[in-house]
Number of protein chains: 2
Amino acid sequence: MTPPSGRRPVSSTAAAVGAKIRLRRQQRGMSAAEMARRAGLSKATLSQLEAGNGNPTIDTLDAIAIALRIPIADLLARDADTGPVFRQGTDIEPGEVSRELLRRISSGNSLEIWRLRIPPETELPGVPHATGTIEHLLIATGHVTAGPVDAPQDLRPGDMLAFAGDAPHFYRTGAEEVDITVVFASPIST
Amino acid sequence: MTPPSGRRPVSSTAAAVGAKIRLRRQQRGMSAAEMARRAGLSKATLSQLEAGNGNPTIDTLDAIAIALRIPIADLLARDADTGPVFRQGTDIEPGEVSRELLRRISSGNSLEIWRLRIPPETELPGVPHATGTIEHLLIATGHVTAGPVDAPQDLRPGDMLAFAGDAPHFYRTGAEEVDITVVFASPIST
DNA sequence: ACCATACGTTCACTATACCGAACTCTTCAA
DNA sequence: TTGAAGAGTTCGGTATAGTGAACGTATGGT
């Protein structure tokens, strides 16, 4: 019994990367042969990779990324869904803290958008986040003192504050309810 | 004459990836030995990679990414800056459209946060963005009709709309001035 | 028709990424 | 002091990623 002819098993990410390489190459109107020349790879290697068989090294990916003139991470990032999404603002019980996850994108660096509504005269500890997370506060209505415990800021409508979300932080409201949009940008997906 | 002992040359991206792996692992408080176990790799391989010597395959990177519970593309993307930033809301001329860039993170995937203030009864064409960019509208005050030209939405304070920022889109205000936060998330840097 | 040139794929071989097993160096309990 | 258990690194051996040369097919010029 002869062993199978082609290559060896296929990892799922290999297939995705292969498809993406072929897509990008064809978008640029480049032939596989020409791209192999530009990238300094053999046609054989490229053919195998595009077919989804194989398991490229980062050196190989780097060469391909340069030939395609795209960042190497793009070859591995999954495409974000681009369909329109609409989230209607909800009514809340007055006196209650309201946290609403408006949107989460987990391709590449993960991104979360929250809407936070806090009643008057309330102090709220910030939920600690993964290391490297950056938290952005965008004040819609109300006055609030917020930020890292060692460097808080007084914020008014229209202000923006960005700080490390993994350090201890808090929000404290004044005489009015506040409406804040919080954007978490994280290099780590949790 | 004995050939050199260690591994072979080092590509610059290999060094960057190695450093990032070590950083993330230490952030998680994991030993190299334990991580090797979790990822199903040998300690030897991991040691070489973290030292910046070597040239991992995507299967290897995938195993590492899973063990670290991060997307594989993050191992190749560059880090964002994490310093605290405060941006005070500015006053504007009434009757003028105001565009303010509050924040930009230009790592592998770019993130931009804008504050947009549009006077009453104004129609504003959307600036077209790079392919794959997702645009998020967060309405702070006022009513606005906005979105892709073929599928606009009526938005009120607290609403959120996300759509493909590379397609034609627009904003149209009603009787009052509107204050919008716009978040651009682009998985692809161009 | 014919040859030449280009494309993308499949083959046998070579270079090398990964492995297991040793090693050194700490740490800690007995 | 000694032994055990953990850390991280360095060593051959082996599986396999990448190569060059063949292949079959399509197109264009003479």
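In what follows, chains are A, B, ... by sequence order, proteins preceding strands, each numbered from 1. The figures that follow rest on heavy atoms only: side chains count, while hydrogens, waters and symmetry mates do not.
- Put simply, A:S47 has no side-chain N or O that comes within less than 4.0 Å of OP1 or OP2 on C:dT10.
- Rounded to an integer number of Å, the gap from B:L41 CG to C:dG20 P is 10 Å.
- More than 12 heavy atoms of other residues, nucleotides or ligands sit less than 6.0 Å from atom CZ of A:R28.
- A:L75 contributes atom CG, which lies 11.5 Å from atom OG1 of A:T60 (distance to the nearest 0.5 angstrom).
- Between B:T57 and B:M30, the one whose closest nucleotide on DNA chain D sits nearer the 5' end is B:M30.
- The ring pair (Phe, Tyr, Trp, His ring centres under 6.0 Å) test applied to B:H136 returns no partner, not counting sequence neighbours.
- Looking at A:R117 and A:E96, no side-chain N of the basic residue comes within less than 4.0 Å of a carboxylate O on the acidic one, giving no salt bridge.
- Atom-to-atom, CG of B:D62 to C1' of C:dA17 comes out at 16 Å; the value is rounded to the nearest Å.
- Side chain to side chain, B:N55 and A:T57 meet the donor-acceptor criterion of an N or O pair below 3.5 Å.
- Relative to the side chain of A:L49, the nucleotides D:dG18, C:dA17, D:dT9 differ in distance, and D:dG18 lies closest.
- Taking atom CD1 of A:I58 as the reference point, atom P of C:dT16 lies 15 Å away to the nearest angstrom.
- In this structure, CG of B:D59 is placed 13 Å from C1' of D:dA15, rounded to the nearest angstrom.
- Connection of B:V97 to B:F184 is established within a shared hydrophobic cluster, with ILVMFWY side chains joined at heavy-atom distances below 4.5 Å, either directly or through further cluster members.
- The pair B:R172-B:E121 does not count as a salt bridge, with every side-chain nitrogen at least 4.0 angstrom from each carboxylate oxygen.
- Heavy atoms of B:S42 sit under 4.0 angstrom from at least one base atom.
- Minimum atom distance to the side chain of A:A44 is reached by C:dT10, of the listed C:dT10, D:dT10, C:dC18.
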Heteroatom pairs (N/O) under 3.5 angstrom, protein to nucleotides 5-7 of chain D:
unit_1 : atom_1 : unit_2 : atom_2 : d
D:dA7  : OP1    : B:S31  : OG     : 2.6

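- Look at CE on A:M35: it is 16 Å from C1' on C:dT9, rounded to the nearest Å.
- For the OP1/OP2 pair of C:dA17 and a distance below 4.0 Å, the side-chain nitrogens and oxygens of B:T45 include no atom meeting the criterion.
- Close to C:dA17, at under 4.0 Å from its OP1 or OP2, lies no side-chain N or O of B:T60.
- Residue contacts for B:L46: at a heavy-atom cut-off of 4.0 Å it reaches no nucleic acid atom on any strand shown.
- C:dC19 atom C1' lies 14 Å from atom CD1 of B:I64, rounded to whole Å.
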